[in-house]
Number of protein chains: 2
Amino acid sequence: MRYSRDNMAGLLRSHDINPTHQRIEIAYALFSRMEHLSADQVMTQVNVHHSETSKATVYNTLNLFLQKGLIREVIVDPNKVFYDPNTRPHHHLYDVESGRLTDIDAEEIHINGLPPLPEGMTMEGIDLIVRIRKAA
Amino acid sequence: MRYSRDNMAGLLRSHDINPTHQRIEIAYALFSRMEHLSADQVMTQVNVHHSETSKATVYNTLNLFLQKGLIREVIVDPNKVFYDPNTRPHHHLYDVESGRLTDIDAEEIHINGLPPLPEGMTMEGIDLIVRIRKAA
DNA sequence: CTAGAGTTTGGACTTTGTCTAATTGCGGCA
DNA sequence: TGCCGCAATTAGACAAAGTCCAAACTCTAG
Ligand SMILES: [Mn+2]
Ligand SMILES: [Mn+2]
Ligand SMILES: [Zn+2]
Ligand SMILES: [Zn+2]
């Protein structure tokens, strides 16, 4: 599926998000690239041409997208959160030097031997992160 | 193996760390509890009786311990790093509501189907985080 | 045209962590 | 004992990521 700016309004509506100019730009930054971006990178992308979206709106909007299930967050770096337009179950390869994240489809991965969850707890998700770096 | 304050100097020396009063207190905070603590929690523990260790020293020391392989860090919360006195290979159960981390021994877990690493890359580690919460 | 709800905004604020220059503590040695 | 020199510690300034808030803007229904 290809994403263009024109798709964005429908995509937002389908997630119960009122499409505004800023929200469309932010969604487009993520979905046109289909890459993992930090809030700062989104901010930069959205304001390349002329400054039209504030920091507050970028954070508000990313959190709204998160809450509505349009995107997910990836926590691998102690300094910043990455926002991920891919919401299918998947894991990550993380290059600790460059900071680049790559998806690993969850269907290919099998995890055995997990202990039973503590009484009265439900699983919210499993994150698998493979940290890699250039070979010495 | 039980850890007392008296063990700490030897433990530090065995990791090539010069044992000082502050370093012993910080190590003791982690190893006597064998729990995952944030820098802030370490700071609090170390200064319960009378204030004797500065914020700069807490951070300096945790980073030194990290670099010497005495402890490891766990990145699961977007707001803070947890420091882990358990350096054996293991994974984590993370209660997203309480923030509590529990260890899962790596020996019981088997992960199959990982894709080959990109050319010229080496694996630094695999982190598996099972996010849980109270059942609704 | 107007009212009100929803959205955006600048900037103050908070939290987590780093940096630096000054000070302190300590072992070795005269 | 007194002094030297280095390692360690410190206060506090600084930085980066993120939140909060009250004011302003936008859009639509009436
Ligand atoms: Mn070790
Ligand atoms: Mn943060
Ligand atoms: Zn991803
Ligand atoms: Zn652990």
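Quick note on labels: first sequence line is chain A, next is B, and so on, each numbered from 1. Side chains included, hydrogens not; waters and symmetry mates left out as well; all remaining heavy atoms used.
Summary of the strand contacts: B:Q22 and A:Y83 both lie near DNA chain D, and taking for each the nucleotide with the nearest heavy atom, the more 5' one is attributed to B:Q22. The nearest heavy atom of DNA chain C to A:T61 and to B:A56 marks one nucleotide each, and the one closer to the 5' end goes with A:T61. Nearer the 5' end of DNA chain D, as judged by each residue's closest nucleotide, is the contact made by A:D40, out of A:D40 and A:N60.
Checked against D:dA17, C:dT7, C:dG17, the side chain of A:T20 finds its nearest nucleotide in C:dT7. The nucleotide whose nearest atom lies closest to any side-chain atom of B:K80 is, among D:dT10, D:dT19, C:dG17, C:dG17. Listed nucleotides C:dT18, D:dG18, C:dT9 differ in distance to B:N63; the shortest reach to its side chain belongs to C:dT18.
We find that CG of A:L62 is positioned 14 Å from C1' of D:dT19, with the value rounded to whole Å. In this structure, B:N47 places its CG atom 12 Å from C1' of D:dT10, rounding to the nearest Å. Whole-Å rounding puts the A:N18 CG to D:dC25 P distance at 20 Å. Protein atom CD of A:Q41 is 14 Å distant from nucleotide atom C1' of D:dA16, rounded to whole Å. With rounding to whole Å, B:Y59 atom OH is found 18 Å from C:dT20 atom C1'.
The base of C:dG17 sits within donor-acceptor range of the side chain of B:K55, with an N or O pair under 3.5 Å.
Residue contacts shown for A:T53 are limited to sugar-phosphate atoms, with no base heavy atom under 4.0 Å away. The residue A:T57 sits close to a base: some heavy atom pair falls under 4.0 Å.
For the residue pair B:H92 and B:D103, a side-chain donor N or O sits within less than 3.5 Å of a side-chain acceptor on the partner.
In this structure the side chain of B:M121 never reaches within 4.5 angstrom of the side chain of A:L93, judged on heavy atoms. Using a 4.5 Å heavy-atom cutoff, the side chains of B:L101 and B:Y94 are in contact.
Proximity of a side-chain donor or acceptor of B:R33 to a complementary backbone N or O of B:A29 within less than 3.5 Å is detected.
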